[in-house]
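Let me begin by presenting the structure, written as structure tokens, before commenting on it.
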2 protein chains.
Amino acid sequence: MLLNKLDQKAIQREILLGFWKIHILYHAAKGPVIGLEMMQELARHGYDISPGTMYPLLARLNKLGWLECRQDKLAGPKAKKEYFLTALGHEALNFLKGQIEELHREVVLDRE
Amino acid sequence: MLLNKLDQKAIQREILLGFWKIHILYHAAKGPVIGLEMMQELARHGYDISPGTMYPLLARLNKLGWLECRQDKLAGPKAKKEYFLTALGHEALNFLKGQIEELHREVVLDRE
DNA sequence: TTACCGATTATGTTTATCGTAATAAAGGAG
DNA sequence: CTCCTTTATTACGATAAACATAATCGGTAA
């Protein structure tokens, strides 16, 4: 393996950014997603996401209408937020599945 | 289809950015890649990349050591540049193939 | 009280993306 | 030879995303 840690970081930043965003949508489709939990989950898969990246992302996906946010109103301003995939988010995820399939077919299976 | 053009643009910017970068590496493995040609090729696949994005990207991949650049020295300063995948670039591409497979297995095939 | 844990929020710096305009060389039409 | 189009890259300014780190807040345990 010629790739060192700097290369891996570059791959992450340059290319894999979108991959774990898909993971988030995927998880949000299965059940509620929480920022910190997701950071830990992704860390397990080798992605090291800082809060300064994760939380603005979730807010953005919420603003785009792909994720819905629920928070206990009785709790304080920093209580955990649960994110769910919306109908629009499902559409986006389905579209992305098609894109993944295409990429997989072309690059991994080397067809077409 | 609920997704409108704004959504598609968001998907592109938020997630698919890495996908066509992989396409570039993939093409560079098959033969020389030229900026403008790549922009047209990607446009055919629905990705609309502006020169202000493409050329800095190629320069960056070159600087990372994934692409090698050849340019006819006799020609002027804006002569076309041909990019080839380096050994390190091959490593990166192979690593990415694994990542694509994993993503495909989990999200598309819904396994694991 | 104090200390820690689960979570989010705030913030400042760096880097990428995008659109558009400028530049350069080469080839063809007249 | 000059003008125009085509093939390419380069330059640039504005917006936005990513990152690391520090601050905050509420709950629970010692």
Side-chain angles (χ1 to χ4, degrees), chain A residues 5-24 27 32-44 46-64 66-67 69-83, chain B residues 5-6 8-24 27-28 32-44 46-64 66-67 69-83:
Chain A
K5 275 171 196 167
L6 275 180
D7 291 315
Q8 303 242 8
K9 209 160 198 173
I11 292 175
Q12 177 124 347
R13 170 122 200 197
E14 197 68 69
I15 296 175
L16 297 181
L17 276 173
F19 280 40
W20 54 261
K21 292 184 185 176
I22 296 174
H23 271 281
I24 291 175
H27 272 90
V33 153
I34 292 166
L36 184 60
E37 276 182 18
M38 207 62 223
M39 286 172 60
Q40 294 162 345
E41 161 76 14
L42 291 173
R44 247 173 273 133
Y47 303 112
D48 234 47
I49 317 301
S50 78
T53 300
M54 176 61 76
Y55 290 102
L57 169 66
L58 290 174
R60 212 159 59 239
L61 296 183
N62 174 242
K63 197 169 141 203
L64 281 169
W66 301 357
L67 295 181
C69 177
R70 288 183 213 158
Q71 188 179 29
D72 186 358
K73 283 161 193 162
L74 300 179
K78 302 208 172 172
K80 71 176 177 186
K81 292 179 170 176
E82 293 185 323
Y83 289 95
Chain B
K5 275 172 196 165
L6 276 181
Q8 302 243 6
K9 210 160 198 174
I11 292 175
Q12 177 124 349
R13 171 119 199 199
E14 197 69 67
I15 296 175
L16 298 181
L17 277 172
F19 281 40
W20 52 261
K21 292 183 185 177
I22 295 174
H23 270 282
I24 291 174
H27 273 90
V33 153
I34 292 165
L36 184 60
E37 275 181 18
M38 208 62 223
M39 287 173 59
Q40 294 162 344
E41 163 76 14
L42 291 174
R44 248 173 271 135
Y47 303 111
D48 235 48
I49 317 299
S50 77
T53 299
M54 177 59 77
Y55 290 102
L57 168 66
L58 290 174
R60 211 159 58 241
L61 296 183
N62 173 242
K63 198 169 141 202
L64 281 170
W66 302 356
L67 295 181
C69 177
R70 290 184 211 157
Q71 186 179 32
D72 186 357
K73 283 161 193 161
L74 300 178
K78 304 211 172 173
K80 72 176 176 186
K81 292 179 170 175
E82 293 185 322
Y83 289 94

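Here is the naming used below: chain letters follow the sequence lines, and residue numbers restart at 1 for every chain. Scope of the values below: all heavy atoms of this structure, side chains included, with no hydrogens, waters or symmetry mates.
- Residues meeting the side chain to side chain contact (heavy atoms under 4.5 Å, CB included) test with B/S50, sequence neighbours left out: B/T53.
- Between the P atom of C/dT8 and the CD1 atom of A/I49 lies a distance of 15 Å, rounded to the nearest Å.
- Residues meeting the salt bridge (Lys or Arg N to Asp or Glu O under 4.0 Å) test with B/R60, sequence neighbours left out: A/E14.
- The base of D/dT7 is not paired with the side chain of B/K80 by any donor and acceptor separated by under 3.5 Å.
- At a cut-off of 3.5 angstrom, counting only N and O atoms as typed in the model, there is a donor on one side and an acceptor on the other between the side-chain of B/K78 and the base of C/dT23.
- The stretch residues 34-43 of chain A comes close to DNA chain C through A/I34, A/G35, A/L36, each having a heavy atom under 4.0 Å from the strand.
- Each of B/P51 and B/K21 lies near DNA chain C, and the nucleotide nearest B/K21 is the one positioned closer to the 5' end.
- One distance of note links CD of A/Q12 with CD of A/Q8; it measures 8.5 Å at 0.5 Å rounding.
- The CD-C1' distance, from A/E14 to D/dA17, rounds to 13 Å in whole Å.
- In terms of heavy atoms, A/P56 sits closest to A/P51 at CD-O, 3.5 Å.
- The two residues A/L64 and B/A10 make their nearest non-hydrogen contact at CD2-CB, 3.7 Å.
- Nucleic acid contact for B/A75: none, since no nucleic acid atom lies under 4.0 Å from a heavy atom of the residue.
- Remark: C1' of C/dT8 and CG of A/N62 are 14 Å apart, rounded to the nearest angstrom.
- Taking atom CG on B/L17 and atom C1' on C/dT15, their separation rounds to 13 Å, with Å as the unit.
- With sequence neighbours left out, B/F19 forms a ring pair (Phe, Tyr, Trp, His ring centres under 6.0 Å) with A/F19.
- Closest approach of B/A28 to B/V33, counting heavy atoms only: N-CG2, 3.5 Å.
- In this structure, B/Y47 atom OH and C/dT17 atom P are separated by 14 Å, rounded to whole Å.
- Taking atom CG on A/L16 and atom P on C/dA16, their separation rounds to 15 Å, with Å as the unit.
- The shortest heavy-atom contact between B/C69 and B/N62 is N-ND2, 3.7 Å.
- Rounding to whole angstrom units, CD of residue A/Q12 and C1' of D/dC19 are separated by 11 Å.
- For residues 52-60 of chain A, proximity to DNA chain D is found at A/G52, A/T53, A/R60, defined as any non-hydrogen atom under 4.0 angstrom from a strand atom.
- Rounded to an integer number of Å, the gap from B/Q71 CD to C/dA25 P is 12 Å.
- Along DNA chain D, the nucleotide nearest A/K9 and the nucleotide nearest B/K81 are compared for position; the residue whose nucleotide lies closer to the 5' end is B/K81.
- Judged as a salt bridge (Lys or Arg N to Asp or Glu O under 4.0 Å), and not counting sequence neighbours, the contacts of B/E41 are B/R44.
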